[in-house]
Undergrad: 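Please see the structure below; I have some questions.
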Amino acid sequence: MSKQTFSGLALIRRALTGHRDWRPQWRKAAPKPAYDAVIVGGGGHGLGAAYYLAREHGITNVAVLEKGWIGGGNTGRNTTIIRSNYLFDESAALYDHSVKLWENLSQELNYNVMFSPRGVMMLAHTVHDIQVFKRHVHANRCNGVDNEWLEPEEAKAFCPPLNIEGNMRYPVLGAALQRRGGTARHDAVAWGYARAADALGVDIIENCEVLGIRRDAAGRVEALETTRGVIRAGRVGVSAAGNTSAVLGLAGVRLPLESYPLQALVSEPVKPIFPCVVMSNTIHAYISQSDKGELVIGAGTDAYTSYTQRGALHINTHTLDAICELFPTFRRMRMMRNWGGIVDVTPDRSPIIAKTPVPGLYVNCGWGTGGFKATPGAAHVFAWTIARDEPHPINAPFTIERFRDGHLIDEAAAAAVAH
Amino acid sequence: MLEPLARIPPAFSSTSWMNPLPPATRLLFFADRAARAAAAGAFPMPVTEEACRAHADGARACLWLGPDEYLLLAPAEPGAARVQAALTAAVGPLPHALVDISHRQVAFEIHGPLAAQILNGACALDLDPAGFPVGMCTRTALAKADVVLWRTEVHRFHVEVWRSFSPYVTALLTEIAGALPAAH
Amino acid sequence: MLLISCPYCGDRPEIEFTYGGQAHLVRPADPSALDDQQWAEYLYMRTNTKGVHAERWRHARGCGRFFNALRDTTTDRFAATYKIGAARPDPAASEPTPGTAR
Amino acid sequence: MSVWRTPGGGRIDRTQRRKFRFDGRDYQGVAGDTLASALLANGVHLVGRSFKYHRPRGLLSAGAEEPNGLVTVRRDAARVTPNLRATQVELYEGLDALSQNRWPSLQFDVGRINDWLSPLFPAGFYYKTFMWPKGAWKSLYEPVIRRAAGLGVAPTEPDPDRYAQCYAHCDVLVAGGGAAGLAAALAAADEGARVILCDEQNEFGGALLSDPQATINGAGGQAWVDQALAELSANPRVTLLARTTAFGYFPHNLLGLNERLTDHLSAPPAGRARERLWQVRARSVVLATGAIERPVVFPGNDRPGILLAGAARTFLNRYGVRVGTRAVLVTAGDDAYQAALDLHAAGVSIAAVADLRPQAEGALPTAARRAGIEVLTSATVLGTLGGLRVNEIVLGELDGTGGVRRKRTVRCDAVLMSGGYTPSVHLFSQSRGKLAWNEPLQAFLPDRSAERERSVGACRGIYDLAGVIDDGFAAGAEAASGRSGRRRSVSAHSAGGDGSAFLGAVPLAGASSDKSFVDWQHDVTVKDLLLATREGFRSIEHVKRFTTTGMATDQGKTSNLNALSIVAGALEVPIPQVGLTSFRMPYTPTTFGSFAGASRGDLFDPVRKTPMHDWAATEGAVFEDVGLWKRARYFPRGGEGMHEAVARECLAVRSACGIFDASTLGKIEVVGADAAEFLNRLYVNNWSNLAVGRCRYGILCREDGFVYDDGVVARLAPDRFHVTTTTGGAARVLAMMEDYRQTEWPELAVWLASTTEQWAVIAVQGPKSRDLLQGLVEDIDIGAAALPHMSVAHGRICGVPGMVMRVSFSGELGFEVNVPADYGLGVWRAIHARGEKDITPYGTETMHVLRAEKGYIIVGQDTDGTVTPDDAGLAWAIGKSKADFVGKRSLQRASMHAPMRKQLVGLKSRDGRTILEEGAQVAEIPGQKPPMRLIGHVSSSYYSACLAHPIALALVAGGRARMGTTLYVPMPGGDIEVEVVPPVFYDPSGARIHA
């Protein structure tokens with residue numbers, strides 16, 4: 001199960017033989033009757049959790065069950081933004097844990113995930129925005145998370161296409177910049193974790209949908225009923241994003257989640273024009289440029305819960321009018337492809353990474369629009385939680401019970417607009 | 001007594017397809033069937049509820065906005081207080097509510113053969129006379145503003161909009177009309 | 001942009017509506033009689049149904065009324081819309097027409 | 001006329017010459033040309049370079065599927081559009097186009113080195129390398145890759161063009177104006193339906209525009225098209241939209257159409273919109289989107305001069321251009337022979353037809369042989385030669401046992417190829433219709449519709465002209481009437497329609513498949529696909545993502561099915577089992593500007609202004625955006641900056657009188673017998689004991705117990721309350737009220753109306769405010785006894801009926817004059833004039849300082865959605881006797897009373913000078929290094945001119961128990977020592993407010 005080393009040299013050597021002896025990056029495993037642990041959901045979070053279970057906790061008899069193809073859910077549908085400039089200590093710790101893992105992920109996995117810390121700039125358009133972002137900047141600085149305030153001219157210098165003219169409806173009054181933030185290649189994250197986990201003995205089982213969760217007399221998780229047969233497992237970690245409610249419902253566990261469509265789009269590729277990531281919460285849009293040259297653009301969720309993986313045209317028109325307002329030079333650019341994902345949202349828009357009321361059943365969900373950036377960190381602490389049956393200190397606040405007790409971690413409300 | 005000041009409604013320019021309407025008395029009237037029946041003597045209004053229909057009688061009109069919610073339009077003089085008093089007297093103890101919104105919104109007309117086409121530049125409703133006949137009225141969206149749209153003739157729409165949104169709405173419609181080749 | 005049938009105004013474009021979340025949740029008559037867990041259930045727990053979902057909409061930019069709807073969240077097709085206070089209809093009884101809200 | 005241009009025929013006007021430039025060279029075309037046909041008419045085949053290997057490329061197609069011929073069209077410095085397909089760019093006088101992705105020139109491109117190094121760059125190579133040294137990806141490798149990638153250059157100046165939008169409704173929308181679409185539109189119109197017919201091309205007719213052999217009802221196909229168009233144009237219920245692409249199919253039969261209005265014009269009229277976005281809601285949809293010819297996958301199939309057979313036929317018959325002098329046809333079906341026959345008839349020598357089938361005995365192959373064209377069956381293609389243009393093709397004859405019997409090199413300057421057709425099911429699939437694999441046609445066809453929709457003609461695998469038109473008639477009539485049965489019929493005939501098809505790579509009998517391209521634009525070859533399967537990528541979605549096949553700007557229109565077939569072959573499974581990648585919006589790339597439409601600048605969002613706005617603007621006020629409103633922030637005089645102006649304004653209010661525009665505050669009239677009960681249930685306060693004529697500060701929580709909004713509520717009558725909200729909260733508070741009113745408590749007799757804009761609100765604040773207003777108000781006694789703090793009275797102000805509320809957000813004696821909005825400016829002017837030197841207009845910034853001096857919170861600034869009334873020091877407002885209100889149960893949870901909750905306090909800098917930064921953090925322990933233990937943050941901070949020292953409000957854990965203690969605000973330059981003080985800095989006894 002040793003994996004073939006990836007390197008420039010390996011590439012040159014195999015070029016001589018027409019690249020004929022590259023082996024599958026991960027095995028097409030058939031399910032075994034039983035595993036020590038099973039992860040439901042073959043996205044970056046699930047594959048990563050399997051990898052860290054094997055790598056850091058010595059639990060290698062692990063399967064990842066994916067109902068479709070790995071990385072085909074939100075992992076492969078997001079706009080790949082990575083940042084950790086969150087307001088609350090709990091969030092900053094979680095996301096910064098993740099950014100630190102991102103920084104070494106290509107080397108750790110021997111897979112180029114193309115983490116590119118190009119800087120994430122969040123624009124302020126109102127006095128209220130300035131207050132909110134400065135609060136972030138201060139909180140982040142004190143937490144050891146880089147985040148700095150830029151005046152409009154500095155923002156323009158960092159991102160030349162940005163319109164900072166006063167003729168905008170909401171002129172840019174400044175920006176918060178996290179230089180360590182950036183982007184990565186989404187598919188590579190799933191594939192890199194899959195390959196590395198596979199090399200450690202993890203079975204990655206695609207086209208395997210979970211139909212039922214069996215519990216023993218004591219109520220503990222015992223086995224999963226799947227489209228590929230019954231699979232016994234003492235521990236089950238669910239990382240199923242928009243489908244989490246459905247999967248956990250099989251064990252009678254209810255969660256405070258709602259699943260919404262989230263759209264993204266790319267333009268036709270053009271030569272490098274956009275050096276960083278820019279987000280504007282006030283006018284609802286974010287944008288970066290991929291290595292291929294496409295402008296990658298996203299916005300908020302659609303208004304209603306849905307599992308259709310598609311969104312509405314009027315959401316696109318709003319997203320693109322915001323982009324054209326911020327970057328009037330992009331008005332003649334053209335949308336090449338638009339798609340939708342399903343994001344699961346909690347009442348405080350922060351994730352749940354926790355034990356469930358069912359012994360042996362764990363959940364990592366509720367990432368809303370922020371899941372990709374957290375992939376390595378969430379997977380890492382989720383694996384810890386599964387392995388030790390107790391949360392890592394970083395995910396300890398992200399319980400289900402916080403909603404009962406009122407200990408919300410409400411990043412969105414903290415940016416609430418009023419006056 | 002001090003000399004009353006002049007009203008200064010939001011500025012408005014007319015075009016070949018749009019003209020402002022003069023200040024008016026406007027009341028929101030919340031009332032069920034019984035209250036409407038009682039009120040009908042003081043102000044023309046339908047007793048039976050028909051959604052999205054206006055009941056006009058000369059210079060006065062009663063527009064259905066929602067179940068039990070009506071917009072009463074009357075000339076600016078003698079004013080909302082007089083209409084309100086008459087209605088209150090007529091309705092008596094029956095549950096109802098009246099709120100003066102004469103200054104909350106302004107009105108204009110879109111008219112001419114391109115009227116529907118111009119409105120459809122920002123309004124997502126089917127304005128074909130078969131689907132939106134003369135006499136129909138409704139609250140709806142004009143791009144990022146809310147309006148009340150009332151078709152008074154095949155080629156004439158009465159539009160009510162909150163006063164601070166009126167510059168946006170008129171500028172938007174002007175932009176839309178300008179982009180229609182036929183309007184050049 | 002969905003086409004949504006307001007029970008009062010008929011078919012209207014989605015931009016006239018706001019979404020109101022899961023339907024048929026009734027605010028407890030005496031919240032103080034509930035324990036924290038029960039209160040949290042009311043506040044936060046949602047079915048997040050994958051399939052026919054009873055949900056609230058408000059014709060906010062139209063007649064202003066809240067109403068309920070049955071929508072299949074896997075297709076976004078509406079099976080029915082009905083007024084607040086009415087019982088949830090049986091979706092099987094009214095076969096939805098493709099793409100048409102009723 | 002060049003040798004390439006035919007002397008007559010086609011849809012061009014040879015008498016109207018059109019000058020144009022390509023890569024700086026001048027050329028000439030004619031009216032009716034596309035840029036592609038005009039270039040070919042000048043003998044130019046080399047039009048672009050591929051994405052990865054920078055291989056020279058010519059035109060592959062004549063339409064929307066073009067992967068190679070991508071150009072930048074430049075009208076002026078600001079009107080630069082990259083990545084346009086030359087096949088869709090209509091030629092106009094003076095058109096200026098540039099090739100892309102090459103340096104220094106199209107003929108000599110340094111990037112070509114990638115082609116020679118291509119063994120190092122197989123699919124997904126970048127995942128395997130560029131990982132060392134760490135950090136070099138971003139600093140070294142990525143910039144190189146980025147520069148190499150991309151196609152055209154993005155515009156660098158703001159686009160000055162306008163874009164329009166409109167909504168439309170119809171009974172039947174027909175997408176595609178070829179024979180099937182025209183027939184459907186005719187039949188639907190017969191039923192009296194409202195019809196919209198759109199087509200992406202500049203004229204209707206589809207394949208008939210390129211098919212001189214077609215006959216319909218005994219006449220030429222074009223005559224039928226002309227007649228159909230005449231009929232449809234004359235029908236007022238039919239809208240014909242040419243140059244209009246149906247790019248997206250959204251739920252509930254909403255389609256997005258993009259109409260191009262001016263790109264084909266030499267001098268677009270000033271101000272005319274460039275494009276229009278149509279959002280069409282159709283009762284029924286007829287998809288008549290046709291089919292796209294498939295390329296054949298053989299080694300060297302990408303050289304300039306190698307193109308689809310149907311494209312060569314279109315260039316000849318529609319545009320009057322010969323694509324070469326000596327051509328070879330590679331085909332696996334009969335239809336493509338018509339291209340060879342047409343070219344032959346136009347004087348192009350057909351060197352050979354290489355037919356992949358063992359036999360070719362149909363009418364067209366027979367005709368070809370009769371015309372003297374050599375037809376090779378059981379043929380294959382082993383390679384091509386040529387630098388910037390194909391000059392030889394190597395053909396082989398298969399021996400039937402996997403070997404090649406004979407090899408033969410044929411000289412040629414054009415190769416036509418045809419693997420049959422791929423029906424264009426993009427829109428059908430976007431609508432979530434289900435596709436089914438059709439084995440004979442080797443294609444996915446529409447199976448089960450998800451919407452009220454019908455596919456007709458070639459897009460559902462019907463290729464013969466008579467069948468296509470009949471299908472259109474039937475579907476059009478049924479879409480309009482709901483009944484089957486058609487009224488129209490025709491007799492029609494055209495060449496071809498046999499539907500034979502070929503997928504995947506040609507048999508090579510052991511020869512190298514090097515450079516057998518599947519996706520031209522992204523340089524994906526057969527070898528890349530095989531490598532992907534070897535590396536374990538088996539799902540077609542994985543193969544697509546790993547190799548990037550189908551992800552170029554053409555979105556796989558010519559490549560997807562070939563790729564699928566090759567992957568299926570490698571995995572030895574049937575094609576349907578490999579699956580099909582999703583078809584995503586848009587069908588072809590669609591301009592951002594058309595989605596944005598008029599929404600720019602002041603039309604991006606409504607700009608809401610109060611009745612007094614212009615007065616403030618005239619006075620030189622600086623405005624800020626609050627929600628949609630523009631609010632005057634301060635009124636600088638002379639050369640004042642904000643701080644000087646605010647200090648002056650503050651002192652003026654404290655010492656004399658200020659005037660402030662408070663009109664933007666939300667106002668809701670709550671009316672009905674149960675109005676008080678309704679507010680009792682919503683707000684934390686008790687309203688039953690509020691007397692008519694009195695006001696009270698109200699707090700609204702969400703059901704989770706956190707502060708949502710606040711404002712003064714006045715009781716105007718037993719059954720009428722005037723509720724004010726924050727400026728930004730007006731709409732959402734009303735929405736929340738309506739939710740509870742309609743869905744939780746429908747039994748209450750209460751109604752709600754927004755009166756925000758009914759009233760202009762003029763706050764007159766300061767010790768001289770009463771004196772100033774005396775004499776301007778009638779019927780109202782504003783004396784201290786008659787109108788105490790927190791009361792309201794109706795009367796006339798400056799002769800205008802209105803109401804005066806004695807309320808103060810400044811801490812001084814103050815009034816808020818409410819008059820109907822049309823009178824606002826007049827009353828404001830009158831009060832201001834009356835005040836003379838004693839009155840000072842002030843803005844929101846001064847308002848904020850004044851209220852902070854009094855410790856009044858701003859919801860959203862001093863609260864953030866995690867703050868309870870008690871946290872904000874407002875527990876006194878809660879109606880203790882009430883059994884319930886929104887949020888009460890949540891506030892009973894233990895965590896809501898934890899002593900270490902963050903509580904509102906005041907902070908004073910120990911040095912008496914330093915103004916804290918809003919958002920700065922608060923620590924208990926000095927001198928910490930990150931990560932620090934933090935206990936709160938500064939929510940409001942100002943210099944108080946009246947107190948002559950800085951003041952701040954902060955939310956601090958357990959703050960109220962820390963009064964008098966020292967805390968630390970860690971800043972980059974070190975800690976700032978602060979003292980915790982009560983949040984009320986000014987006039988704590990309230991004497992001034994009650995004056």
Side-chain angles (χ1 to χ4, degrees), chain B residues 1-11 23 26-31 68-69 79-81 93 95-106 117-128 130-131 143-145 162-169 171-172 175-176 178-181 184, chain D residues 162-169 194 261 269 271-273 276 279 281 597-599 602-611 628-629 664 669 671-673 719-720 749-760 776 778 796-801 819-827 829-830:
Chain B
M1 188 173 149
L2 292 161
E3 192 63 31
L5 295 164
R7 291 181 73 153
I8 308 176
R26 299 181 176 87
L27 287 163
L28 283 176
F29 182 43
F30 301 93
D68 298 346
E69 181 184 357
H96 75 285
L98 277 162
V99 179
D100 178 7
I101 54 161
S102 301
H103 290 245
R104 182 179 83 172
Q105 54 210 45
V106 296
Q117 207 181 337
I118 291 168
L119 286 166
N120 268 144
C123 170
L125 298 181
D126 184 358
L127 298 180
D128 187 89
K144 295 171 183 175
W162 287 14
R163 57 186 301 130
S164 70
F165 285 92
S166 63
Y168 168 81
V169 167
L172 178 66
E175 164 76 20
I176 290 165
L180 291 177
H184 276 285
Chain D
R162 285 164 98 176
Y163 296 87
Q165 296 183 336
C166 69
Y167 295 94
H169 292 74
R194 259 197 300 170
L261 299 164
R272 180 80 62 83
R276 176 177 287 117
Q279 299 186 55
R281 182 83 65 180
S599 199
D602 278 358
L603 293 181
F604 177 76
D605 244 356
V607 179
R608 300 180 72 182
K609 296 175 180 173
T610 72
L628 298 176
W629 290 100
T664 65
E669 201 126 314
V671 195
D719 64 348
R720 188 176 295 257
V750 63
W751 292 274
L752 311 170
S754 169
T755 50
T756 302
E757 299 222 41
Q758 168 70 13
W759 300 105
L776 292 180
E778 298 166 85
R796 303 182 81 83
I797 305 106
C798 304
V800 173
V819 291
D822 278 356
Y823 296 112
L825 180 54
V827 173
R829 280 191 179 128

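The figures here come from the full heavy-atom set of this structure, side chains too, leaving out hydrogens, waters and symmetry mates. Chain A is the first sequence line, chain B the second, and so forth, proteins listed ahead of strands; every chain is numbered from 1.
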Undergrad: Looking at B/Ser164, B/Pro23, B/Ala124, which makes the most heavy-atom pairs under 4.5 Å with chain D?
TA: B/Ser164
Undergrad: Please tell me if the side chains of D/Thr610 and D/Thr664 come closer than 4.5 Å, counting only heavy atoms from C-beta onward.
TA: yes
Undergrad: Can you tell me which of D/Ala273, D/Ala753, D/Ala749, D/Ala830 forms the most heavy-atom pairs within a distance under 4.5 Å of chain B?
TA: D/Ala753
Undergrad: Are D/Cys166 and B/Gln117 packed together at the side-chain level, in the sense that at least one heavy-atom pair is separated by less than 4.5 angstrom?
TA: no
Undergrad: Check for a donor-acceptor pair, side chain of D/Gln165 on one end and backbone N or O of D/Ala598 on the other, with a separation under 3.5 Å.
TA: no
Undergrad: Please classify the contact between D/Val607 and chain B as side chain, backbone, both or neither, with a heavy-atom cut-off of under 4.5 Å.
TA: backbone
Undergrad: Is B/Ala130 in contact with chain D via its backbone, its side chain, both, or neither, using a 4.5 Å heavy-atom distance?
TA: neither
Undergrad: Would the distance check show the side chain of B/Arg26 and the main-chain N or O of B/Ser102 forming a donor-acceptor pair, the cut-off being under 3.5 Å?
TA: yes
Undergrad: So does B/Glu175 get a backbone contact from the side chain of D/Arg162, meaning a donor-acceptor N/O pair under 3.5 Å?
TA: yes
Undergrad: Would you mind checking which part of B/Leu125 comes under 4.5 Å of any heavy atom in chain D, side chain (CB onward), backbone (N, CA, C, O), both or neither?
TA: backbone
Undergrad: Could you tell me which portion of D/Trp759 (side chain, backbone, both or neither) has an atom closer than 4.5 angstrom to a non-hydrogen atom of chain B?
TA: neither
Undergrad: Does D/Arg194 pair with B/Asp126 as a salt bridge, N-O distance under 4.0 Å?
TA: yes
Undergrad: Given that the side chain runs from C-beta out, which part of D/Ser754 has a heavy atom under 4.5 Å from chain B: side chain, backbone, both or neither?
TA: both
Undergrad: Side chain from CB out, backbone as N, CA, C, O: work out which of these in D/Val827 comes under 4.5 Å of a heavy atom of chain B, or both, or neither.
TA: both
Undergrad: For D/Glu669, which atoms come within 4.5 Å of any heavy atom of chain B: side chain, backbone, both, or neither?
TA: side chain
Undergrad: Where on B/Asp100 is there a heavy atom nearer than 4.5 Å to chain D: the side chain, the backbone, both, or neither?
TA: both
Undergrad: Checking D/Asp605 against chain B: side chain, backbone, both or neither under 4.5 Å from a heavy atom?
TA: both
Undergrad: Hey, does the Lys NZ or Arg CZ of B/Lys144 hover above the aromatic six-ring of B/Phe165, less than 6.0 Å from the centre and inside 45° of the axis?
TA: no
Undergrad: Measuring heavy-atom distances to chain D, does B/Leu28 have an atom under 4.5 Å in its side chain, in its backbone, in both, or in neither?
TA: side chain
Undergrad: Picking from B/Pro167, B/Ala171, B/Ala145, B/Cys123, which has the most non-hydrogen pairs under 4.5 angstrom with chain D?
TA: B/Cys123
Undergrad: Tell me which of these, D/Ala164, D/Pro820, D/Gly826, has more heavy-atom pairs under 4.5 Å with chain B than the rest.
TA: D/Pro820
Undergrad: Test your reading of the model: is there a side-chain donor-acceptor pair from B/Arg163 to the backbone of B/His103, 3.5 Å cut-off?
TA: yes
Undergrad: I'd like to know if the side chain of D/Arg276 reaches the main chain of B/Ala179, judged simply by a donor and an acceptor atom lying under 3.5 Å from each other, with no hydrogens or angles considered.
TA: yes
Undergrad: Could you look at B/Ala143 and say if it's the side chain, the backbone, both or neither that has a heavy atom under 4.5 Å from chain D?
TA: neither
Undergrad: Does the side chain of D/Pro801 come within less than 4.5 Å of D/Arg796's, by heavy atoms?
TA: yes
Undergrad: At a 4.5 Å cut-off on heavy atoms, which part of B/Pro9 comes close to chain D: side chain, backbone, both, or neither?
TA: both
